[in-house]
There are 2 protein chains.
Amino acid sequence: MSVGRQQPGKRAATQADVARYAGVSGAVVSYVVHNGPRPVSPETAARVREAIRVLGYRPNASAAALRTGSSKLLGLVLPEFDNSIWADLAVAVSDCANARGYDLITASSGGDVTLEQQHIQSLSGRQVEGLLVTCVEMIDPAIDGVADIPTVLLNVFSDAPGVTSIGVDARQGAIDGVEHLLSHGYDTVGLIAHRGIDLREEGWRQVREAPLGPIERDASTRQGGYDAARRMFGSPDRPRSVFVCSDMQAVGCLRALWELGLRVPDDVAIVSFDGTVDSRFTAPPLTAVQQPIATMARIAVDLVLDGPVNGVHHRVVEPTHLVIRESCGC
Amino acid sequence: MSVGRQQPGKRAATQADVARYAGVSGAVVSYVVHNGPRPVSPETAARVREAIRVLGYRPNASAAALRTGSSKLLGLVLPEFDNSIWADLAVAVSDCANARGYDLITASSGGDVTLEQQHIQSLSGRQVEGLLVTCVEMIDPAIDGVADIPTVLLNVFSDAPGVTSIGVDARQGAIDGVEHLLSHGYDTVGLIAHRGIDLREEGWRQVREAPLGPIERDASTRQGGYDAARRMFGSPDRPRSVFVCSDMQAVGCLRALWELGLRVPDDVAIVSFDGTVDSRFTAPPLTAVQQPIATMARIAVDLVLDGPVNGVHHRVVEPTHLVIRESCGC
DNA sequence: CTGAAAGCGCTTACAG
DNA sequence: CTGAAAGCGCTTACAG
């Protein structure tokens with residue numbers, strides 16, 4: 001059984017071990033591992049490859065990184081993991097990174113600016129070649145002090161000079177979602193919002209002069225959406241429809257409505273924001289303003305790797321896309 | 001504005017830069033950064049700290065890793081990310097790692113054994129000090145060849161000598177879930193299972209001599225659960241209750257039942273396996289056999305870091321815990 | 001086509 | 001309490 005061969009304390013083979021075994025110099029080992037930059041005769045290359053196989057040699061990435069200054073590592077900092085939108089982003093970024101030969105270190109700040117700052121410092125110490133940061137706060141001082149690392153802010157709308165950011169037009173997305181509900185003839189559109197400032201909330205306010213309905217703010221979690229919905233729909237003057245600022249909150253909202261015996265979309269119509277896989281499998285499936293996560297991930301990775309990034313104000317805004325499912329009553 | 005200070009091309013400060021600025025040797029810089037192992041006078045230390053601050057010095061982790069042989073990096077390989085149970089595991093492992101001063105590189109194999117193998121090789125090249133692997137196959141040859149890295153298999157039930165693994169008693173968990181349904185007096189208990197061999201399926205079979213109900217196998221995703229449920233509950237001889245082998249599949253199943261106009265638990269009672277946060281916020285919330293993910297993550301991290309691990313057959317089995325919610329009809 | 005050697009940025013005995 | 005120096009394992013001009 002192959003796994004049985006695991007033994008404790010075995011020292012990893014080095015380039016020098018391979019060179020000795022194959023009777024060549026370390027340089028040649030490097031040449032065959034990287035297929036260059038100098039040519040190697042087929043016979044020698046074969047001997048080296050055999051030695052690599054026999055000794056189980058894997059080049060020490062730290063040594064290579066130190067020598068070349070290239071760690072082949074990207075860093076991703078997220079507010080939290082327990083939210084499909086960030087989990088989706090992590091997957092998408094990881095895939096893009098891998099496709100370009102990079103590994104990804106992901107760190108979650110739990111919404112704590114201090115922790116976020118620590119992670120960024122730690123990642124920069126690891127000489128990551130690019131840093132993707134989804135800030136806890138709109139513009140975050142933590143990205144300061146890592147000026148030597150190409151950084152892009154994700155899902156944040158910074159107009160600061162010298163900062164590159166990418167995100168959707170959340171205000172317009174919210175407007176699209178709210179107007180879709182209005183187009184169904186619902187007289188009121190409540191809002192379940194995040195805590196803190198949010199362009200989605202601004203979008204909702206902007207659709208009409210007068211408020212469209214009640215607003216409840218809570219955490220961007222299932223529980224937050226649940227609590228907000230219990231408050232909003234527990235009273236008799238509940239709105240006829242609601243725009244929810246994240247899929248996570250919408251999942252909690254759906255659960256609250258179910259408990260209250262309110263049917264979706266018959267009693268309450270819902271449109272949510274994010275369009276993660278969660279929104280496709282609720283009952284009923286959620287009509288949602290979809291963020292193009294995969295596209296944003298790809299652009300962000302390309303940006304940090306191919307720049308220009310730092311010191312350049314570059315602001316990529318991707319459009320959202322309303323996906324009609326059943327929760328809106330279409 | 002602090003972020004405005006980002007400039008392109010700035011070279012990161014090195015230990016030598018700090019030493020020069022503070023008028024000390026590199027050794028002293030190292031001593032104050034690590035608070036040892038040699039003492040430094042308070043005045044000198046203060047000067048060094050000032051230099052570090054001014055120059056924005058962050059020690060090069062690659063150089064330190066190369067010198068000490070300790071990368072302070074852990075590796076986690078998962079089948080896929082788009083499943084709450086793995087996302088939860090990634091969070092839990094990341095937290096444990098961070099608490100011990102380690103960063104985590106997470107790689108997802110997408111269920112592909114070749115890709116899994118590549119990731120393991122890549123991670124081992126990065127000199128990760130521990131490797132946590134959730135195998136695509138029950139016992140995986142890919143963990144071979146990295147004998148110098150402490151490795152533990154997660155959520156896998158290997159009796160192979162020389163392999164350390166940790167997971168729940170899935171067979172017993174399934175038995176508990178199925179028996180709970182039977183205790184409600186339901187005459188049939190269907191099974192929505194994973195593809196491939198699965199101890200949960202064995203547990204379900206083991207409860208009675210005769211089959212308890214129909215079985216449908218599909219992917220461990222929301223879509224897989226949805227498809228399986230459509231097949232199982234689309235026919236008139238549908239079971240009165242069902243045990244679903246993962247929360248993801250249960251979410252899809254709930255959606256299918258909703259489409260078919262079947263109420264939970266009145267028409268169909270459900271118990272699922274995993275107990276992730278998803279199971280708490282479905283409508284109705286799912287009674288579930290809960291895996292102690294945080295506990296397993298902690299034990300796994302402690303094992304790879306404090307061993308003994310490789311070459312030792314050590315098999316940690318954690319109990320599951322049935323969490324009663326509403327989908328079972330209690 | 002191949003080898004000897006420098007140097008990436010650290011940490012840590014060793015000497016003072 | 002501090003410094004000079006070796007060496008971790010690579011990659012890459014440079015010389016042959």
Side-chain angles (χ1 to χ4, degrees), chain A residues 11-49 51-52 55-73 101 122 124-129 148-149, chain B residues 11-49 51-52 55-73 101 122 124-129 148-149:
Chain A
R11 182 180 128 297
T14 68
Q15 187 187 75
D17 297 329
V18 174
R20 199 174 311 117
Y21 189 97
V24 297
S25 72
V28 172
V29 176
S30 177
Y31 299 153
V32 347
V33 166
H34 297 97
N35 222 349
R38 306 278 88 215
V40 177
S41 76
E43 300 75 36
T44 309
R47 260 197 349 271
V48 170
R49 266 188 274 275
I52 288 173
L55 301 177
Y57 169 66
R58 288 149 289 135
N60 182 317
S62 294
L66 176 58
R67 173 61 226 236
T68 62
S70 157
S71 64
K72 289 289 181 179
L73 230 32
S122 163
S124 69
R126 291 199 184 276
Q127 320 300 121
V128 296
E129 292 177 55
D148 48 320
I149 298 176
Chain B
R11 185 181 127 293
T14 68
Q15 186 188 75
D17 296 329
V18 174
R20 199 174 310 117
Y21 189 98
V24 297
S25 73
V28 172
V29 175
S30 177
Y31 299 153
V32 347
V33 166
H34 297 98
N35 223 353
R38 307 277 86 218
V40 176
S41 75
E43 301 75 36
T44 309
R47 252 187 8 260
V48 170
R49 266 188 274 275
I52 288 173
L55 301 177
Y57 169 65
R58 288 147 290 136
N60 182 318
S62 294
L66 177 58
R67 172 60 225 233
T68 63
S70 158
S71 64
K72 290 287 183 183
L73 230 33
S122 162
S124 70
R126 291 199 184 277
Q127 320 299 120
V128 296
E129 292 177 54
D148 47 319
I149 299 177

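Quick note on labels: first sequence line is chain A, next is B, and so on, each numbered from 1.
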### Message
By the 4.0 Å heavy-atom rule, please label A/S62 as base, sugar-phosphate, or nothing.
### Response
nothing
### Task
Give B/V29 one of three labels, base, sugar-phosphate or nothing, depending on what nucleic acid heavy atoms sit under 4.0 Å from its own.
nothing
#### Entry: Closest-nucleotide ordering on DNA chain C, the 5'-leading residue of B/R38 and B/A61
B/A61
### Query
Atom CD of B/Q127 to atom P of C/dC10: distance rounded to whole Å?
18 Å
### Between C/dC8 (P) and B/L66 (CG): distance, integer Å
13 Å
### Query
When rounded to the nearest Å, what value does the distance between C1' atoms of C/dG16 and C/dT12 take?
16 Å
## Note on the structure
Contacts of B/A45 and A/S30 projected onto DNA chain D by closest heavy atom; the upstream (5') one is B/A45
#### Entry: Closest-nucleotide ordering on DNA chain D, the 5'-leading residue of A/A27 and B/V40
B/V40
### Task
Any strand is fair game: report the nucleotide pairing with C/dA13 by Watson-Crick or G-U wobble, both distances under 3.5 Å, or none.
none
### Query
Paired with D/dA4 by Watson-Crick or G-U wobble geometry, both distances under 3.5 Å: which nucleotide is it?
none
### Query
OP1, OP2 of D/dT12 versus side-chain N and O of A/T68: anything below 4.0 Å?
no
### Query
Can a side chain N or O of B/Y31 be found less than 4.0 Å away from OP1 or OP2 on C/dA13?
no
### Query
Is there side-chain contact between B/R58 and A/I149, with at least one heavy-atom pair below 4.5 Å?
yes
### Task
Check the pair A/N60, A/T14 against side-chain contact (heavy atoms from CB on, under 4.5 Å), reporting the backbone distance first and the verdict last.
CA-CA 8 Å; A/N60 182 317; A/T14 68; over 6 Å; no
#### Entry: Minimum-distance pair of heavy atoms, taken over all atoms of A/R47 and A/A22
NE-O, 3.0 Å
### Query
Do B/Q15 and B/S30 pass the side-chain contact (heavy atoms from CB on, under 4.5 Å) test, and can you show the C-alpha distance, the side-chain angles, and the key distance before you say yes or no?
CA-CA 8 Å; B/Q15 186 188 75; B/S30 177; 3.7 Å; yes
